[in-house]
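For clarity, every value in this text was computed on a predicted model and none was experimentally measured. These values consider heavy atoms only, across backbone and side chains, with no hydrogens, waters or symmetry-generated copies. In each ligand, atom 1 is the first atom listed, and ligand 1 is the first ligand listed.
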Amino acid sequence: MKRQVNWAQVLVECKSAIIKQIQPLLKTVGQPQPDLGIGAGGDPMRQVDLVAEKAVASIFTKNGISFTLISEESGVTEYGNTADECYVTTDPIDGTTNLSRRIPFYATSIAVSTKPILGTVYAGLVADLFHGVGYIAQRGKGAYREKKKITPSQNFSLEDAVIGLDLNSYKVKTLIPRLNGLVQRTKHIRHFGANALELCYVADGTTDAFIDIRGKLRTTDIAAAWLVLNEAGAIMTTPDGMTLNAKLDPRQKVKFVASGNREIHDTILDLIKPEKEAQ
Ligand code: IPD
Ligand code: CA
């Protein structure tokens, strides 16, 4: 018989272990770092990424869980004898640039699923590491910011909205025409620099929507936030309004729109339709 796991407890343990174990490294993150090579997601690895990843793996192992780790840093690693029964997808540090510049907005993302597929994620944590705040969701059990159940924004109007928009790309010139109408109508545009956490801001109504249509973000960054959003009652689709699903893999990229409610979501989708470019 399969053992019951208290996923919320395991994820909270991960959050505490990561915060504790990265602490000594925070003093030197702004200094030149040793060359540790390129991670599975294609970015240079830093010691802080590896320490956070190791903390995740050791908490799952300590809890007697056999799993396949899918990490933005070391790629895919099997732990235990039944590693194909549980997949743990992580971006150990989301917002590495913020962390290295001491901008207090960086997170860990951990998603647990039955298969290496986004649609099978059933437990997830996004932990704001600077403030020590955890967003946790379990399928069918809602989404929580620490102990408080969260719900998204009911603001329907772009004219009053705060909307996150990731334009962090050298291809920004080709993206702008598609986003032109949206930017012109939206009162407040933001990008904080750690997309897993920015998606949780949509889930708890801090912001009204978050849009990333670059095709640059990996599924390792969004896997946990996807569940947090769904369980909070927010909406996350492809930019064409289709169901978002993808392989959980450090090289798998996604494009998406996440919104607090259907009304504002439909307005955004309509404004970013390819045929509306540069109007
Ligand atoms: C980055 C952040 C950032 C986004 C980048 C991501 P990382 O994650 O989420 O907001 O613009 O595309 O790569 O690299 O710090 O894990
Ligand atoms: Ca990362």
Which residues share a ring pair (Phe, Tyr, Trp, His ring centres under 6.0 Å) with Y87, sequence neighbours left out:
none

Show the nearest heavy-atom pair for residues L197 and D94, with the distance to one decimal.
N-OD2, 4.1 Å

Give the name of the N/O/S atom in D91 that lies closest to the Ca ion (ligand 2).
OD1

Quick test of your reading: applying salt bridge (Lys or Arg N to Asp or Glu O under 4.0 Å), list the pairs with at least one residue in residues 125-150, sequence neighbours left out, ordered by first then second residue.
K15-E146, R145-D204

Ligand 1: which residues have a non-hydrogen atom closer than 4.0 Å?
D43, E72, D91, I93, D94, G95, T96, D166, N168, H191, G193, A194, N195, R214, L217, R218, D221

Spell out, yes or no, whether M236 and I211 are grouped together once hydrophobic residues are joined by side-chain heavy atoms under 4.5 Å, including indirect joins.
no

Please list all pairs passing the ring-ring contact (aromatic ring centres under 6.0 Å, His included) test where one or both residues lie in residues 133-156, with sequence neighbours left out.
none

Around K115, counting heavy atoms of other residues, nucleotides and ligands shown, do more than 12 lie under 6.0 Å from its NZ?
no

Sort out for me which residue in D43, D249, D91, N195 forms a side chain to side chain donor-acceptor pair (under 3.5 Å) with R218.
D43

The Ca ion (ligand 2) to nearest N/O/S of P92 less than 3.0 Å:
no

Would you say E72 reaches the Ca ion (ligand 2) with an N/O/S atom under 3.0 Å?
yes

